[in-house]
Asks: 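Before we start, here is the structure in question, set down as structure tokens.
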2 protein chains.
Amino acid sequence: MPTHSTRDIIVEKADALFYQGGFEATSFADIAAAVGISRGNFYHHFKTKDDILDAVIARRMERTRAMLDAWQDASEGPRERIVCFIRILITNRTSIMAYGCPVGTLCSELAKLDHAAQGRAADIFGLFRDWLTAQFRALGAADRAGALALHLLAWSQGVAVLAAALRDEAFIHAEVAGIEHWLASHPDLSQPT
Amino acid sequence: MPTHSTRDIIVEKADALFYQGGFEATSFADIAAAVGISRGNFYHHFKTKDDILDAVIARRMERTRAMLDAWQDASEGPRERIVCFIRILITNRTSIMAYGCPVGTLCSELAKLDHAAQGRAADIFGLFRDWLTAQFRALGAADRAGALALHLLAWSQGVAVLAAALRDEAFIHAEVAGIEHWLASHPDLSQPT
DNA sequence: GACGCGATAGGACAACTGTCCTAATCTCAC
DNA sequence: GTGAGATTAGGACAGTTGTCCTATCGCGTC
């Protein structure tokens, strides 16, 4: 029972390198060095670099789904669940200040490259949007739930972009406090049951 | 009296290509083809690719400053000036949906490349932040002006990231309406003089 | 022990990268 | 018209890229 196959390790390392260095700037050689295998050996696991990207996106999809499911089970109410989402800005603040949001920066890069996988990358945003929409709906937002979900998603993305550009940790904390205040005092939302 | 020197044209074309395709993915050959000069001729105008990037950032700085000055002169009050800033999301919505925000995406890419120019790129955000801070201070925000400026900047960045990822024009219009409503009804701000 | 097959290493390959050199051309003052 | 200096084209250069081939290795099955 292997804990991790070579293929899994490649995807794991590629995921981190794509995040920290970007997809285009990360070469086969970089990934091979990180995994500890020879460059030519890649062809046995992935035919093209785009195949690795697809696997990385699929991995991120899975992990995002798992994270959302965990929040769904661990928190009592929708408001607490949304706070879980907001708090990833705090939890991951160090890497966010260094590399931005993994989803947002990947989508931005793939858009510029006009890459075929940009739709699949954007689907990760779709997971968050749908999950947040369900939470806002549970809070009584009704037909405004989708717009509120997108708004919160955009807010967190903006915080990530600016925190990375300005390397400002205090700004992250201030904005997270602002988001939580907005969530607690939003007039459109009834109190949780 | 040459309207544009060859150097200026290089910087202008490089600016557009860096925006649309990213800095790393844009090669000397791409810029040369866009300008219509030979590849080897670059060395006479710019010693390295980083020099072109520096010139592009300087150009964006200049143009940003000029844009902010124009808003400063054209609008009567600080509230109207802030609306000018918000409206660039509408004006540039087509390119934003295709390539994101020029400043945000460049900063994100340079951060991943660990590029020496990332601080200079972030200084463009500094121009917006300082200008917006002055406007909020004129609105009576006092010591909260800086935080409000950063918040508005982050908000617009988030809208740009998500609009590009989801290719959603209606989302841009909805969020811009939300920003304008926030600006008009923010409790911390007194009415304009 | 012999076989088969997946996994691996090493390298070939053309294309492209940023950089740099050199020779030719252009422009304009004298 | 001549010479000087700026501008240009073309290509050399070593290094890297993604891709692909082939020979070898490791290991479980007969």
Asks: Taking all non-hydrogen atoms of both residues into account, name the closest pair between Leu132(B) and Ala149(B) and its distance.
Replies: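 Looks like CB-CB, 3.6 Å.
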Asks: Counting just side-chain N and O atoms, does Asn41(A) come under 4.0 Å of either OP1 or OP2 of dA7(C)?
Replies: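 Answer is no, no contact under 4.0 Å.
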Asks: Output yes when at least one side-chain N/O atom of His44(A) is less than 4.0 Å from OP1 or OP2 of dA9(C), else no.
Replies: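 His44(A) to dA9(C) OP1/OP2: no side-chain N or O under 4.0 Å.
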Asks: Tell me the interatomic distance from Ile31(B), atom CD1, to dT17(C), atom C1', rounded to whole angstroms.
Replies: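 In whole Å, dT17(C) C1' and Ile31(B) CD1 are 12 Å from each other.
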Asks: Roughly, in whole Å, what's the span from CG in Asp51(B) to P in dC20(C)?
Replies: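 Atom CG in Asp51(B) sits about 10 Å away from atom P in dC20(C).
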Asks: Does Phe23(A) offer a backbone N or O that forms a donor-acceptor pair with the side chain of Lys49(A) under 3.5 Å?
Replies: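 Confirmed, Lys49(A) side chain pairs with Phe23(A) backbone.
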Asks: Quickly work out the Phe23(A) CZ to dT17(D) P distance and round it to whole Å.
Replies: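 Computing the Phe23(A):CZ to dT17(D):P distance gives 13 Å.
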Asks: So does Ser38(A) get a side-chain nitrogen or oxygen closer than 4.0 Å to the phosphate oxygens (OP1/OP2) of dG11(C)?
Replies: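 Answer no for this pair, as no side-chain N or O of Ser38(A) is under 4.0 Å from OP1 or OP2.
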Asks: I want to check one thing: is the phosphate of dT7(D), taken as OP1 and OP2, less than 4.0 Å away from some side-chain N or O of Thr6(B)?
Replies: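 No, outside the criterion.
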Asks: Figure out the NE2/P separation between His45(A) and dC20(D), and round it to whole Å.
Replies: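 For the pair His45(A) NE2 and dC20(D) P, the rounded distance is 16 Å.
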Asks: Does a nitrogen or oxygen in the side chain of Tyr43(B) sit under 4.0 Å from OP1 or OP2 of dC20(C)?
Replies: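 So the side-chain polar atoms of Tyr43(B) do come within 4.0 Å of the phosphate oxygens OP1 or OP2 of dC20(C), strictly under.
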Asks: Without decimals, in angstroms, what is the distance between Leu53(A) CG and dT19(D) P?
Replies: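 Those two atoms, CG and P, are 12 Å apart.
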Asks: From dT19(D), dG18(C), dT8(C), pick the nucleotide closest to the side chain of Phe28(A)?
Replies: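 Looking only at heavy atoms from C-beta outward on Phe28(A), the closest nucleotide is dT19(D).
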Asks: In whole angstroms, how far is the C1' atom of dT17(C) from the CZ atom of Arg39(B)?
Replies: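 It is 9 Å, rounded to the nearest whole Å.
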Asks: What is the distance, to the nearest angstrom, from the NE2 atom on His115(B) to the P atom on dG18(C)?
Replies: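 Rounding to the nearest Å, NE2 of His115(B) and P of dG18(C) are 12 Å apart.
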Asks: Going by the side chain to side chain contact (heavy atoms under 4.5 Å, CB included) test, name the single residue among Thr105(B), Ile52(B), Leu106(B) that passes it with Phe18(B).
Replies: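 Of Thr105(B), Ile52(B), Leu106(B), side chain to side chain contact (heavy atoms under 4.5 Å, CB included) with Phe18(B) is met by Ile52(B) alone.
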Asks: Which heavy atom of Lys112(B) sits nearest a heavy atom of Tyr99(A), and at what distance?
Replies: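 That closest heavy-atom pairing would be NZ-O, 3.1 Å.
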Asks: How close do Leu162(A) and Ala154(B) get, heavy atom to heavy atom, and via which atoms?
Replies: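 Shortest heavy-atom contact: CD2-N, 3.8 Å.
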Asks: Let's see if you can work this out: which of dG18(D), dA9(D), dT19(C) has an atom nearest to the side-chain heavy atoms of Ile37(B)?
Replies: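 The nucleotide sitting nearest to the side chain is dA9(D).
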Asks: Please figure out whether Ser27(A) or Lys47(A) has its closest DNA chain D nucleotide nearer the 5' end.
Replies: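 Final value for this comparison: Ser27(A).
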Asks: What's the CZ-P distance between Phe46(A) and dC20(D), to the nearest Å?
Replies: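 So the CZ-P distance, Phe46(A) to dC20(D), works out to 15 Å.
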